[in-house]
Number of protein chains: 2
Amino acid sequence: MGNSAILSSRPVVTPPPVSVVAGRSRRRHDAARAVTLVAQRLATEHGLDGFTMEQLADAVGVSRRTLFNYFPTKDDAVLGELPPVEERALETFRARGPSGRLLLDLGVLATHLIGAISPEPEEVRALQLVLERNPRLMVKANARFEDYVAGFRREIAEREGYAADDIRPRVAVAVVVSLYESALKEFAAGSDRRPFTEIFAETVAAARSLVHE
Amino acid sequence: MGNSAILSSRPVVTPPPVSVVAGRSRRRHDAARAVTLVAQRLATEHGLDGFTMEQLADAVGVSRRTLFNYFPTKDDAVLGELPPVEERALETFRARGPSGRLLLDLGVLATHLIGAISPEPEEVRALQLVLERNPRLMVKANARFEDYVAGFRREIAEREGYAADDIRPRVAVAVVVSLYESALKEFAAGSDRRPFTEIFAETVAAARSLVHE
DNA sequence: AAATGCACTCTATGGGTAATAGTGCAATCC
DNA sequence: GGATTGCACTATTACCCATAGAGTGCATTT
């Protein structure tokens with residue numbers, strides 16, 4: 001359990017629910033990502049309330065007003081955007097692929113999303129610290145993540161044709177999310193510098209071995 | 001991810017790590033439980049900072065000073081104590097029982113602990129609300145829970161003879177905790193008034209069906 | 001032995017104010 | 001033509017300080 005919030009380092013622009021990152025969007029995404037990296041650095045060095053949007057704007061090289069074109073609030077600038085779901089990956093999932101087994105396919109989708117984040121352990125630790133020191137930000141991070149995974153629950157219910165009150169979407173997402181969080185803790189605590197995707201895969205494998213023992 | 005904190009309603013005194021509830025301890029536990037119920041009621045009605053320890057003491061019928069004999073802080077009085085692990089249940093677990101399969105046995109232990117809580121849905125919802133409105137309390141609740149489950153991780157590593165850096169204890173606990181939290185959400189949201197243990201069992205069954213599909 | 005009264009220390013909260021986040025619109029720039 | 005920006009404004013939050021209340025230790029009472 002744990003009150004681990006999703007930690008996005010190097011997050012990507014949240015596009016419309018399902019979209020392909022392209023041309024203008026790509027440039028926008030890269031710009032927003034740069035804002036977030038700087039915002040996270042400033043938050044780590046000075047605290048969340050220790051830097052102003054003016055300072056962030058200066059550090060990024062845009063106007064303060066423009067920052068609000070990328071992010072609705074200062075908190076969102078620091079948290080960044082959650083990884084987008086690429087259209088092809090989602091179509092595969094909807095078509096009950098790649099394996100036909102829900103938990104496995106959800107794990108594949110999660111791996112894909114995790115690959116889009118590619119955090120460094122120091123970044124995860126730093127952002128964890130910022131969150132710990134700012135319960136407001138943690139609450140917001142968790143609310144955002146909850147909305148994000150709610151979308152996956154809906155996709156699951158639809159793919160599997162579950163009834164509206166079926167608890168399996170919630171359970172499936174809860175299990176995969178718990179593995180993600182467990183892996184994130186290992187990643188942040190680890191000293192061996194393996195990529196996060198590798199640690200997630202190892203965590204999934206450990207869960208599988210526990211289930212099939 | 002959820003930021004669901006453990007919600008203890010009708011919590012039991014946190015005894016020494018492994019102990020049997022008896023005589024004097026039972027009376028102490030009942031008294032502490034009464035304090036927590038009143039504290040939770042006051043927090044729900046007035047907010048966490050909207051009642052004083054003096055008021056809580058008056059409502060319970062003890063002196064303010066005595067409250068601190070039961071709980072180290074006001075927050076702890078509201079959160080209550082986490083359920084104790086009964087000695088017999090722990091001995092069974094340590095002896096690799098009841099089934100010999102770690103995840104199943106951990107689920108049995110969790111069911112036992114959940115049985116000791118027996119919350120009502122209104123209580124869960126009320127306490128969730130208090131936590132939402134008081135990030136400080138939520139942070140504390142989560143830190144306590146993290147310590148609590150760390151103990152189970154140690155028990156698992158010992159029971160299974162895992163190496164110190166083996167990730168399986170963390171994964172096993174993460175999965176069971178995610179099922180607990182998922183069940184808690186269903187319980188708080190539900191309108192059919194089934195006991196929490198039943199909903200947890202249903203959640204475990206759903207996870208099992210997803211794994212074996 | 002546990003509860004309690006009491007006096008004290010420490011910390012967090014409340015209120016007022018100023019700083020900053022957030023907003024809308026028009027002008028400018030690429 | 002769309003994005004950026006400047007600007008003036010509104011709304012909200014952080015900061016500061018004093019006070020209330022949480023927390024503490026000890027002696028007395030039950």
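Per chain, numbering begins at 1; letters A, B, ... match sequence-line order.
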Check whether any side-chain N or O of B:Tyr70 sits under 4.0 Å from OP1 or OP2 of C:dA2, and answer yes or no. no
Between D:dG21 (C1') and B:Arg136 (CZ): distance, integer Å: 11 Å
Going by number, which of residues 47-61 of chain A have a non-hydrogen atom under 4.0 Å from DNA chain C? A:Phe51, A:Thr52, A:Met53
When the C1' atoms of the five terminal pairs at each end define the local axes, what inter-axis angle does the helix from C:dA1-D:dT30 to C:dC30-D:dG1 show, to 10 degrees? 60°
Let me know the distance between CG of B:Leu67 and C1' of C:dA3, rounded to the nearest Å. 11 Å
The criterion is ring pair (Phe, Tyr, Trp, His ring centres under 6.0 Å); which residues satisfy it with A:Phe187, sequence neighbours excluded? A:Phe196
Which residues satisfy the side-chain hydrogen bond (donor to acceptor under 3.5 Å, both in side chains) test with B:Arg64, sequence neighbours excluded? none
A:Asn69 CG to C:dA26 P: how many Å, rounded? 16 Å
B:Phe68 side chain, from C-beta outward: closest of C:dT23, D:dT4, D:dT24: D:dT24
B:Ser63 side chain near C:dA3 phosphate (N/O to OP1/OP2, under 4.0 Å): no
Rounded to whole Å, how long is the line connecting atom CG of A:Asp75 with atom C1' of C:dT20? 13 Å
Any residue meeting side-chain hydrogen bond (donor to acceptor under 3.5 Å, both in side chains) with A:Thr92, in chain and number order, not counting sequence neighbours: none
So, does A:Ser182 use its side chain to make a donor-acceptor pair with the main chain of A:Leu179 at under 3.5 Å? no
Mind checking side chain to side chain contact (heavy atoms under 4.5 Å, CB included) for A:Ala188 and listing every partner two or more places apart, or none if nothing turns up? A:Val124, A:Arg125, A:Gln128
Can you list everything that forms a salt bridge (Lys or Arg N to Asp or Glu O under 4.0 Å) with A:Arg96? Sequence neighbours excluded, please. A:Glu160
Which residues satisfy the salt bridge (Lys or Arg N to Asp or Glu O under 4.0 Å) test with A:Glu132, sequence neighbours excluded? none
List every contact pair, protein side and nucleotides 6-11 of chain C side both N or O, where the distance is under 3.5 Å.
none

Hey, is B:Arg193 close enough to B:Glu122 for a salt bridge, meaning N to O under 4.0 Å? yes
Starting at atom CG of B:Leu137, determine the distance to atom P of D:dA22, rounded to an integer number of angstrom. 14 Å
Can we say A:Arg94 and A:Glu158 salt-bridge, meaning some charged N sits less than 4.0 Å from an Asp/Glu carboxylate O? no
Does atom CZ (A:Arg133) have a neighbourhood of more than 12 heavy atoms from anything else shown, all under 6.0 Å? no
For residues 38-63 of chain B, which residue pairs pass the salt bridge (charged side-chain N to carboxylate O under 4.0 Å, His left out) check, not counting sequence neighbours? B:Arg41-B:Glu45, B:Asp49-B:Arg136
Of all residues at least two apart in sequence or in a different chain, which pass the ring pair (Phe, Tyr, Trp, His ring centres under 6.0 Å) check with A:Phe152? A:Tyr148
Nucleotide N/O to protein N/O under 3.5 Å, stretch nucleotides 27-30 of chain C:
none

Closest heavy-atom contact between A:Thr203 and B:Ile167? CA-CD1, 3.9 Å
Between NZ of A:Lys74 and P of C:dT23 the distance, given in whole Å, is 15 Å
Look up atom CG in A:Leu109 and atom CD in A:Glu155, then write down how far apart they are to the nearest 0.5 Å. 9.0 Å
Between A:Phe71 (CZ) and C:dT23 (P), how many Å, whole number? 15 Å
